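Taking it in order: structure first as structure tokens, then the write-up.
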Amino acid sequence: MFRCRIPLGTLVLGWDVPHEIDIVEQALLASIAGYTARAVERALFVDNRIDAARKMQQAMLTDLPVVPGLELGSVFKRILPRAGMTRD
């Protein structure tokens with residue numbers, strides 16, 4: 001499986017007995033490999049987006065300043081709990 005000519009992984013199929021692959025079966029296996037590569041590509045894309053969102057959120061959640069004589073506190077509540085991301 002390749003993404004922009006970068007290998008993403010390998011899809012291996014095997015049979016218990018010797019088996020010759022005809023042209024139709026070869027086309028089917030190529031399609032399966034293509035769908036698998038696109039699924040992996042989408043999963044990597046989503047993972048990268050989630051990672052970027054988490055990094056941006058962390059950058060916005062800075063520590064409170066220290067002010068002598070005052071006790072400061074903050075609360076951060078997520079709007080959307082799924083996937084650990086928010087829409088703030």
Side-chain angles (χ1 to χ4, degrees):
M1 295 181 289
F2 288 89
R3 176 180 160 218
C4 302
R5 303 211 179 264
I6 299 169
L8 294 174
T10 304
L11 180 62
V12 178
L13 300 172
W15 286 262
D16 291 338
V17 295
H19 178 77
E20 265 191 60
I21 299 173
D22 63 16
I23 190 87
V24 174
E25 200 169 24
Q26 187 177 9
L28 174 68
L29 295 174
S31 292
I32 291 171
Y35 286 130
T36 303
R38 283 190 288 281
V40 169
E41 199 172 41
R42 284 191 298 271
L44 290 171
F45 175 76
V46 170
D47 191 47
N48 288 337
R49 295 271 317 248
I50 290 171
D51 187 47
R54 284 188 181 132
K55 286 178 182 176
M56 285 189 288
Q57 287 175 352
Q58 270 315 110
M60 291 187 294
L61 299 173
T62 59
D63 293 332
L64 294 173
V66 176
V67 179
L70 288 178
E71 184 178 325
L72 300 176
S74 65
V75 176
F76 177 80
K77 292 189 178 186
R78 299 179 192 280
I79 295 172
L80 297 173
R82 71 186 160 128
M85 296 190 314
T86 63
R87 285 193 174 187
D88 318 78

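One-based numbering along the sequence shown. Owing to the predicted nature of the structure, the values given are computational and were not obtained by experimental measurement.
- Put simply, CD1 on Ile50 and CZ on Phe45 are 10.5 Å apart, with the number rounded to the nearest 0.5 Å.
- Residues Tyr35 and Val40 have side chains not in contact (no heavy-atom distance under 4.5 Å, counting atoms from C-beta outward).
- Once rounded to the nearest 0.5 Å, the distance linking CG of Asp51 with CG of Leu44 reads 12.0 Å.
- Counting side-chain heavy-atom gaps under 4.5 Å among Ile, Leu, Val, Met, Phe, Trp and Tyr, the cluster of Leu72 also holds Leu64, Val67, Leu70.
- Using a 4.5 Å cut-off between side-chain heavy atoms of Ile, Leu, Val, Met, Phe, Trp and Tyr, Val24 falls into a hydrophobic cluster with Ile23.
- Note that the NE2 atom of His19 and the CD atom of Glu25 stand 3.5 Å from one another [nearest 0.5 Å].
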